[in-house]
Amino acid sequence: MAEPTQTPVPPPRPATDRRGRWVAILTGALSILIGVAYLVLITVLDSRGPLQPPPPEALGVAAAAAPAAAAVAPPPG
């Protein structure tokens, strides 16, 4: 008769292995959440239409007409 073979029992995992696994799962879920939030933000920003340049007042450029002296300058010569 053949003797029954025993399968070796693996030693119990240390607590640091279990903690590392949970950290990896949490980090992966967080990165997926950030990626989805980024895609939603880009979709919302793209749905607003093409970008328009800012008005000249926003850039500090005066949109008023040129001073009257410069507009009525005599021609050279």
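Count residues from 1 along the sequence.
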Worksheet item: Roughly how far, to the nearest 0.5 Å, is OH of Tyr38 from OG1 of Thr43?
Response: 10.0 Å
Fill in: Neighbour count >12 (heavy atoms, 6.0 Å) for atom CG, Leu59
yes
Discussion item. Using a 4.5 Å cut-off between side-chain heavy atoms of Ile, Leu, Val, Met, Phe, Trp and Tyr, which other residues end up in the same hydrophobic cluster as Leu41?
Written reply: Leu45
Worksheet, complete the sentence: Apart from Val9 itself, its cluster of hydrophobic side chains linked below 4.5 Å comprises none
Response to the item:
Members sharing Leu30's hydrophobic cluster, built from side-chain contacts under 4.5 Å between Ile, Leu, Val, Met, Phe, Trp and Tyr, are Ile34
